[in-house]
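What follows is a short report on a single structure.
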Amino acid sequence: MHGWLDDEDVVAIAPRLLGMRLRSEVGDEPTEVVIGEVEAYAGDQDPASHAFRGPTPRNTAMFGPAGTLYVYRSYGLHWCMNVVTGPEGVGHAVLLRAGIPTVGRDTMTDRRGRLDHLADGPGKLAQALGVTGAHNGISLSDGEIRLLPGEGETLAVRATPRVGITKAVDRPWRFVAEIPL
DNA sequence: ACGAGGATGCTCT
DNA sequence: GAGCATCCTCGTC
């Protein structure tokens, strides 16, 4: 399943996640978004990656097989989720930064505590789907959180520098799906 | 629309 | 002890 996720080139994989669906079976009602913004992190080739200096207690999930979910806590407050890619052991991952809510809107507004800005940021996306550190290391193929095919529409994609980092700031490894008019 | 500042706790040096 | 792959609120324009 998702055979292309184990490709060596995480920068090529990242934009292919745009338009895919991310479905959560956490809680009573399923929730789902279409992935709209991602960033590539290239393991030991990438000073901005959590895996840059090799395995640690926090980042072990990054060195698992492609299709593993890596969840970490950001700024002591928020959870952020990544899709592990590449051959097992390389530490590549794609940060999921934003999604368009499609299923379970009521549950997402409950979890977010507001009616707007439900999943337009990495911490907000994880919160809307009910994803926490308890999901770190699970498979995105057969678990509570799943990566599913999109509708197959062709998306216009814009590449920009990554957000919120202080190292390797020049690499245009953030990919945003342009909303068609 | 945009920017500054504070909240908050874990990870690794 | 420093440094975060962030979010929210409250100011301005």
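All chains are named by letter (A, B, ...) in the order of the sequence lines, taking the proteins before the strands, and each is independently numbered beginning at 1. Quick caveat: nothing in here was measured; it's all calculated off a predicted structure.
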TODO: Would you indicate whether A:R114, at its atom CZ, is surrounded by more than 12 heavy atoms from other residues, nucleotides or ligands within a distance under 6.0 Å?
DONE: yes
TODO: Test A:E32 against every option in A:R146, A:R23, A:R105 by the side-chain hydrogen bond (donor to acceptor under 3.5 Å, both in side chains) rule and name the one that passes.
DONE: A:R23
- [ ] State whether A:R112 places a side-chain N or O below 4.0 Å from either non-bridging phosphate oxygen (OP1 or OP2) of C:dC8.
- [x] yes
Task: Whole-Å gap separating P (C:dC4) and OH (A:Y72) - done: 12 Å
Task: Cation-pi check, A:R171 onto A:Y41 ring (under 6.0 Å, within 45° of axis) - done: no
TODO: In whole angstrom, give the distance that lies between atom NE2 of A:H117 and atom C1' of B:dA1.
DONE: 12 Å
Open item on the list: Heavy atoms only, 4.0 Å cut-off, all strands: where does A:L77 land among base, sugar-phosphate and nothing?
Closed with: base
- [ ] Assign A:H50 to base, sugar-phosphate, or nothing according to its heavy-atom contacts below 4.0 angstrom with the strands shown.
- [x] base
Task: Stacked pair A:Y75-B:dA7, distance under 5.5 Å, angle under 30° - done: no
Task: For C:dA5, the Watson-Crick or wobble partner whose two distances fall under 3.5 Å - done: none
Task: Nearest-angstrom distance from the residue atom CD of A:E37 to C1' of C:dA5 - done: 11 Å
Task: Nearest-neighbour nucleotide for the A:L95 side chain, C:dC7, C:dA5, B:dC10 considered - done: C:dA5
Task: Between C:dC4 (C1') and A:R162 (CZ): distance, integer Å - done: 15 Å
Open item on the list: Membership question, hydrophobic clusters at under 4.5 Å side-chain separation (ILVMFWY): are A:V90 and A:L95 in the same one?
Closed with: no
Open item on the list: On a heavy-atom basis, which atom in A:A98 and which in A:G121 lie closest, and how many Å separate them?
Closed with: CB-N, 4.0 Å
Open item on the list: Does C:dC8 have OP1 or OP2 under 4.0 Å away from a side-chain N or O of A:K124?
Closed with: yes
Report, one pair per line, the protein and nucleotides 11-13 of chain B atoms (nitrogen or oxygen only) whose separation is under 3.5 Å.
unit_1: B:dC12; atom_1: OP1; unit_2: A:T56; atom_2: OG1; d: 2.0

Open item on the list: With a 4.0 Å limit, can you tell me whether A:T166 has a side-chain N or O closer than that to the phosphate oxygens OP1/OP2 of C:dC4?
Closed with: yes
Open item on the list: How many whole angstroms separate atom CZ of A:F52 from atom C1' of C:dA5?
Closed with: 15 Å
- [ ] Could you check how far CG of A:L125 sits from C1' of C:dC7, rounded to whole Å?
- [x] 14 Å
- [ ] To the nearest Å, give me how far apart CH2 (A:W79) and P (C:dA5) are.
- [x] 15 Å
Open item on the list: When you compare the side chains of A:R112 and A:Q127, does any donor N or O come within less than 3.5 Å of an acceptor on the partner?
Closed with: yes
- [ ] Using both distances under 3.5 Å as the test, list the Watson-Crick or G-U wobble partner of B:dT8, or none.
- [x] none
- [ ] Using atom NZ of A:K167 as one end and atom P of C:dA2 as the other, report the distance to the nearest whole Å.
- [x] 16 Å
Task: Which nucleotide in C:dT9, B:dC10, C:dA5 has an atom nearest any side-chain atom of A:R114 - done: C:dT9
Open item on the list: Side chains of A:E144 and A:H135 only: does a donor on one sit below 3.5 Å from an acceptor on the other?
Closed with: yes
Task: Residue of the set A:L5, A:V10, A:V11 for which side chain to side chain contact (heavy atoms under 4.5 Å, CB included) holds with A:V94 - done: A:V10
